[in-house]
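Below is one structure; the comments refer to it alone.
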Amino acid sequence: MNGVPTLHRIGGGLVLLLILFTPFVMLWLGKPFWLDIFTRLVILAIAASSLSLLLSVAGLASFGHAAYIGLGAYAVGIPVYYETYGGADWLASYSGWWHVLLGVTVCALFALVTGAISLRTKGVHFIMITMAFSQMILYLLVALEEFGGDDGLSVDLRSEFVVPGAQVLGIPALNMEEPWVFYLVCFAMLLLVLFIVAKLRHSHFGRVLQAAKQNELRVKALGINPYRYRLLAFVVAGIFAGLSGILFANYAYFVSPSMVEWTRSGELMFMVILGGVSTLFGPVVGASVFVLLEHFLSRFTVFWHLPFGILLLVVVLFGRGGIIGMLKREPKT
Amino acid sequence: MDWTLVLTQAINGLQLGILLFLLSAGLTLTFGIMDLINLAHASFFMLGAFICAWATLYFDSFVVGIVCAILGTALLALIVEKTVISHLYVRDHLDQLLATFGLILIADTAVHLIWGPAGLAIPLPSQLQGQVRFGELVVPTYRLVIIGVGLLIAATLYWLVNKTRAGMLIRAGASNRQMLSTLGINVKLLFTSVFILGAVLAGLGGLLIAPITEASIGMGNDIIITAFVVIIIGGIGSIKGAFVAALLIGFIDTFGRAFLDTIFALFMSVDSAETAAPAVSAILVYLLMALILVWRPQGLFPPKLR
């Protein structure tokens, strides 16, 4: 069993390398649209990884994770809208730094407030209340007529990340409009999120969360109140999902309330479960399989949700541990 | 204040509340008794509407449509319970959530395959198309029918759960499942029956609203979330709680949408009231749920502890 963690790390590294290089190989083979698909894949992998911090580490089945993607996306959409069409000078900007600051702050605050309320509840109540808060964001965005209501907003320009002084030193500014530059930015973000999640899992913080998931009473008996740890995990996961939302708005040049529909949260959960809950790279594998399947199936038929639904049923009913779990399972001797 | 408008909105609120009750009655039972989160409840809502629409058009009779829809949803519920749901009772909530989400995807696509991407309208018989006058108040007959049928079903359900042997088993199941099976009750049969009962109620809700909104793919996917809010506010497993909470939410949602701008205008400028009101009224229901959960985490009428 000693070899398993290293094996897992090597496998995870291979998956990441495969994700990093495939679109460039395809670009070289004359199939540039793969870059687009893989950008989406990486962004969703960030969101799924952030959800796995709650699902697998803390054992909190949050069913409203799409809300943070929406909040992050609108933290790009609204400033860009005002900068392009005028109004609300204090908010308007093309600056990516401002978008990140805004998105992270809003997501952290929303996670703090809703988490503080939701974490008072358990089990079914927790699932439903997180979903309800996400619906709140959905209907709020639909009700905001100024930002397109139901139809959403188009984002005319991608976030600009200008490092002060960099031009003077001769370092060129990051051109996010260039698809492969944007892809590398997304990939770097995925690496950062995975790194932090991996560190958190093995920290005191992560251990407390995992212990509280297994036996809350014992953790309390040790004089630790799991509530605060869970709330912090909730906020961290919210911030990461917000970052993926910021990237998504840039990717799609578009934000809309449909990003917050509860079915999106369900899809994120599916990715985490599909890849395997208890591993670091599970969500990445899950998001990859999800996006690629979606791509291939939707090319064959408009009814691609049908095989998707069946796959979901099969994974839940028979495939405990997801794809990585199945690979890891040792044959019985 | 325009009292005719208030009364009209009250009737709309009552109608929404009744509809929510039909959906949440089944949810709260499956939740309370089987400890099952069933998102696919939304699909039975949709299937009831579609089967009714199809049969109404095919046999040219709304009544036949209703009978077909009830039998159809019951049969489908039986099949789904036996093949998928019965394996989920022992699983955790996350698995149940995902598996029933899968069922929604399957049901939505199946409806798309069978009836095409567009919705189906249900033509009402001429007797139900008119309007009823109460002085200045004019109400479409069909809305009164929905309210009447809904109240009738609520009363029947109350009788069934509180006065019959089957209801006694249901209540016993909600408070202590293990004890029930120890006493030699066929729990499997009870679970299947409760699941079918819930699905048929959801289907009834769908077919009742379909003549107004028409049957469309995914029509239950939004209202199911509100139904979950209802059962959480009402207390999971309590029919009475579901009824009270459904009406409460029906009224609050409808009145919020209709009058919040007028109320806001009392203490802020008309302009800002008109911007703020739609946003606040859209989330009023969820605010209410958050407040109630802070105050009473188990909901308003939690069933007696197991």
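Just so we're on the same page: letters track the sequence lines, and every chain starts at 1.
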>> Run the side-chain contact (heavy atoms from CB on, under 4.5 Å) test on A:Met136 and B:Val285 for me, step by step, so that the C-alpha distance in whole Å, both residues' side-chain angles and the decisive distance to 0.1 Å come before the verdict.
In response: CA-CA 9 Å; A:Met136 230 156 104; B:Val285 166; over 6 Å; no
>> Run the side-chain contact (heavy atoms from CB on, under 4.5 Å) test on A:Gln135 and B:Asp222 for me, step by step, so that the C-alpha distance in whole Å, both residues' side-chain angles and the decisive distance to 0.1 Å come before the verdict.
In response: CA-CA 9 Å; A:Gln135 290 293 100; B:Asp222 273 336; 4.2 Å; yes
>> Counting C-beta onward and ignoring hydrogens, is there a side-chain heavy-atom pair between B:Ile106 and A:Leu313 closer than 4.5 Å?
In response: yes
> Any side-chain heavy-atom pair from A:Leu312 and B:Leu103 closer than 4.5 angstrom?
Replying inline: no
> For A:Lys213, does the NZ atom sit with more than 12 other heavy atoms under 6.0 Å from it, leaving out its own atoms?
Replying inline: yes
> Top residue by heavy-atom pair count (under 4.5 Å) with chain B, among A:Ala143, A:Ala132, A:Ala61?
Replying inline: A:Ala132
> Any idea which heavy atoms bring B:Phe101 and A:Gly266 closest together, and the distance?
Replying inline: CE2-C, 3.6 Å
>> Does B:Val229 form a side-chain contact (heavy atoms from CB on, under 4.5 Å) with A:Met128? I'd like the steps, not just the answer.
In response: CA-CA 7 Å; B:Val229 173; A:Met128 286 309 146; over 6 Å; no
>> Over 60° means perpendicular and under 30° means parallel, so tell me whether B:Tyr286 and A:Tyr139 are parallel, tilted or perpendicular.
In response: parallel
> Checking heavy atoms, do the side chain of B:Leu88, its backbone, both or neither come under 4.5 Å from chain A?
Replying inline: side chain
> Side chain, backbone, both or neither: which part of A:Ile117 has a non-hydrogen atom closer than 4.5 Å to chain B?
Replying inline: side chain
> Should A:Leu306 and B:Asp108 be marked as a side-chain contact (heavy atoms from CB on, under 4.5 Å) after you check the CA-CA gap, both sets of side-chain angles, and the distance that decides it?
Replying inline: CA-CA 8 Å; A:Leu306 190 64; B:Asp108 282 358; over 6 Å; no
>> Just so I know, are the side chains of B:Ile225 and A:Met131 near enough to count as touching, which here means a heavy-atom distance under 4.5 Å?
In response: yes
> Considering only heavy atoms, which portion of A:Leu55 lies under 4.5 Å from any heavy atom of chain B: side chain, backbone, both, or neither?
Replying inline: side chain
> Are any non-hydrogen side-chain atoms of A:Phe63 and B:Leu39 less than 4.5 angstrom apart?
Replying inline: yes
>> Taking side-chain contact (heavy atoms from CB on, under 4.5 Å) as the criterion, tell me which of A:Leu317, A:Val315, A:Ile273 meets it with B:Leu98.
In response: A:Ile273
> What part of A:Thr263 is in contact with chain B, defined as an atom under 4.5 angstrom from a non-hydrogen atom: side chain, backbone, both or neither?
Replying inline: both
> Rounded to the nearest 0.5 Å, how far apart are CZ of A:Phe318 and NE2 of B:His87?
Replying inline: 6.5 Å
>> Tell me if a side-chain donor or acceptor on A:Trp262 pairs with a main-chain N or O of B:Asn221 at a distance below 3.5 Å.
In response: yes
>> Do B:Leu293 and A:His125 have side chains that approach each other closer than 4.5 Å (heavy atoms only, starting at C-beta)?
In response: yes
> Quick one: what part of A:Glu267 sits under 4.5 Å from any heavy atom of chain B, side chain, backbone, both or neither?
Replying inline: both
> Which bit of B:Ile231 is near chain A, if near means a heavy-atom gap under 4.5 Å: side chain, backbone, both or neither?
Replying inline: neither
>> For the interface with chain B, which of A:Val124, A:Leu144, A:Leu140, A:Ile129 has the highest count of heavy-atom pairs at distances below 4.5 Å?
In response: A:Val124
> Relative to chain A, which of B:Ile104, B:Val280, B:Thr100, B:Ile236 shows the most heavy atom pairs under 4.5 Å?
Replying inline: B:Ile236
> With a 4.5 angstrom heavy-atom cut-off, which part of A:Ile127 approaches chain B: side chain, backbone, both or neither?
Replying inline: side chain
> Has B:Ile114 got more than 12 heavy atoms of other residues, nucleotides or ligands less than 6.0 Å from its CD1?
Replying inline: yes
